[in-house]
Student: 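Starting off with a structure, shown below.
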Amino acid sequence: MKMPLNLVAAMLLAMAVCMPGATPAGAADAVDLSKVPQLKETPEQREARMQWFHDAKFGMFLHWGPVALSGKELSWSRYANRPWDINGKMLPSEPDYNYDHLYEKFNPVKFNADEWVKIAQEAGMKYMVLICKHHDGFSMYDSKLTEYDIMATPYGKDIVKQFADACHRAGMRLGLYYSTRDWYNPDYLVGDNVKYDQWYRGQVEELLTNYGKVDLLWFDHVGGQNWGLWKFDELFSMMYRLQPELIVNNRAARFCGPKTPEDKGPATPAIKKMTDGDFGTPEQAVGTMDLKHSWESCMTLVGGQWSWQPNGKMYSFEQTFDILVSCVTGGGNLLLNLGPMPSGEIEGRQVALLKQVGDWIKPRAAAIYGTRGGPFRNGKWGGSSHRGNTIYVFAKEWQGDVLSLGAVPQKITAAKKLTDGSEVACKQTDTGVELTLAAAGRDPFYTVIALTLEQPVPDGTVIEGVR
Ligand code: GLC
């Protein structure tokens, strides 16, 4: 019986708020924010917390749920009202019966989390982010706060648990996706929203309590007419109490008002800062080069759809690593999305493509992992990354046999093709760097050239790219 537990949890939460010591009487807003990193970290402390993420470059996003049975888009194919959403449409107020009953047939008996992790590793991915609850409100884990979860399916086993355990076993960084926006829960944005606000924080608490170390939390939008409907200070203080090193994206409060003149936006600068999170999330597009702020492009491998699309058009191998290189050289990460099938397996053609990408990365790994974007401004010609005394130029478009780049202040002492160590002719002047390599000596698509410098290029330096 889960509903009574739900009630108990709600009561406990309510009691905690009133408990002396936890919240002084009459100061209901006084939440202890002392552990929230965004509020007091030095730049060095922040970089130490964010380092694995900045080094990782490439992750796997997994949009999955009973909807895979329909082959349609997760949540968005559910034909029902979407309360107070920025994309809100006046859809029927009666929920979509078929969609909401798909879980009764969800039985992914071929789901093997270790297999998924292996696929990610072979693709050269360093972290994975799994949908735990999307906007359709279905929990892919054993939540004590709802009946609408994986335990109610014929499958009846906690997906998130298996996934988290497999990631931990393999040393894979673990990311969990949670959509605050919920079109199924009847309390979402009803009245003062207190009931829903407490409930979803309870769900986030479950996720950060029951699955061991969680490296990253990926929120996906809220809604509502004003910020006052959400207790983000309670949310963030709870999150870092449970997972002190957590990295959080920038969507915990995304799409909150202000939409009315009364709503002036986040109540305090602290709430603004916390909910801005640790990194930006350009969606279905490569982020513009930005070496000052952390970012991660999330993009779907197949058909522009997040969940499984049978026969959807898949990016080619070249397009996929083009996207990856653009992210890496622009200072960001790529979170590439796959939609597993209803059986729990990942489509063979997707696995094959990822393997090809992984094989392409291997001899170029030094130019990708642990680097930082730039200094050369990336573009159609290619881009660059750097680490220590080395700049890695990803050269795609040449002018004949020449690539003319902007001026580098540090002296270049060597230029070599990364894949075989062969010398590349390099002329350095006050006005630029000129690399010369005949077509026969280049690799297909990108030739990665390592430039050794006398001193390192400081992170954040931007030099114009092709002149
Ligand atoms: C959007 C979509 C959602 C998807 C997400 C990933 O917010 O609503 O379907 O999960 O982006 O970035």
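First listed ligand is number 1; within each ligand, the first listed atom is number 1. Computed from heavy atoms alone, side chains included, the values below leave out hydrogens, waters and symmetry copies.
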Student: Are the aromatic ring centres of Phe232 and Phe236 under 6.0 angstrom apart?
Tutor: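 Phe232 vs Phe236: aromatic centres not under 6.0 Å.
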Student: Pairs of nitrogen or oxygen atoms, one from ligand 1 and one from the protein, closer than 3.5 Å: please tabulate them with distances.
Tutor:
| unit_1 | atom_1 | unit_2 | atom_2 | d |
| --- | --- | --- | --- | --- |
| ligand 1 | 7 (O) | Asp220 | OD1 | 3.0 |
| ligand 1 | 7 (O) | Asp220 | OD2 | 3.2 |
| ligand 1 | 7 (O) | His221 | ND1 | 3.3 |
| ligand 1 | 7 (O) | Arg251 | NH1 | 3.4 |
| ligand 1 | 8 (O) | Trp76 | NE1 | 3.0 |
| ligand 1 | 8 (O) | His135 | NE2 | 2.8 |
| ligand 1 | 9 (O) | Trp76 | NE1 | 3.1 |
| ligand 1 | 9 (O) | His134 | NE2 | 3.2 |
| ligand 1 | 10 (O) | His63 | NE2 | 2.5 |
| ligand 1 | 10 (O) | His134 | NE2 | 2.8 |
| ligand 1 | 10 (O) | Asp220 | OD2 | 3.3 |
| ligand 1 | 11 (O) | Arg251 | NH1 | 3.4 |
| ligand 1 | 11 (O) | Glu283 | OE1 | 2.9 |
| ligand 1 | 11 (O) | Glu283 | OE2 | 3.1 |
| ligand 1 | 12 (O) | Arg251 | NH1 | 3.1 |
| ligand 1 | 12 (O) | Glu283 | OE1 | 3.2 |

Student: I'd like to know if Lys133 pairs up with Glu206 as an ion pair, taking the criterion as any Lys NZ or Arg NE/NH1/NH2 lying under 4.0 Å from an Asp or Glu carboxylate oxygen.
Tutor: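 A salt bridge is absent here (no side-chain N lies under 4.0 Å from a carboxylate O).
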Student: Report the relative orientation of the aromatic rings in Trp52 and Tyr127; use parallel for angles under 30°, tilted for 30 to 60°, perpendicular for over 60°.
Tutor: perpendicular
Student: Would you mind checking if Glu464 and Arg377 are paired as a salt bridge, meaning a charged N to carboxylate O distance below 4.0 Å?
Tutor: yes
Student: Do the side chains of Arg201 and Asp197 get close enough for a salt bridge, i.e. N-O under 4.0 angstrom?
Tutor: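 Between Asp197 and Arg201 there is a salt bridge, with a charged N closer than 4.0 Å to a carboxylate O.
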Student: Applying ring-ring contact (aromatic ring centres under 6.0 Å, His included), name anything that partners Phe111, two or more places apart in sequence or on another chain.
Tutor: Trp64, Trp116
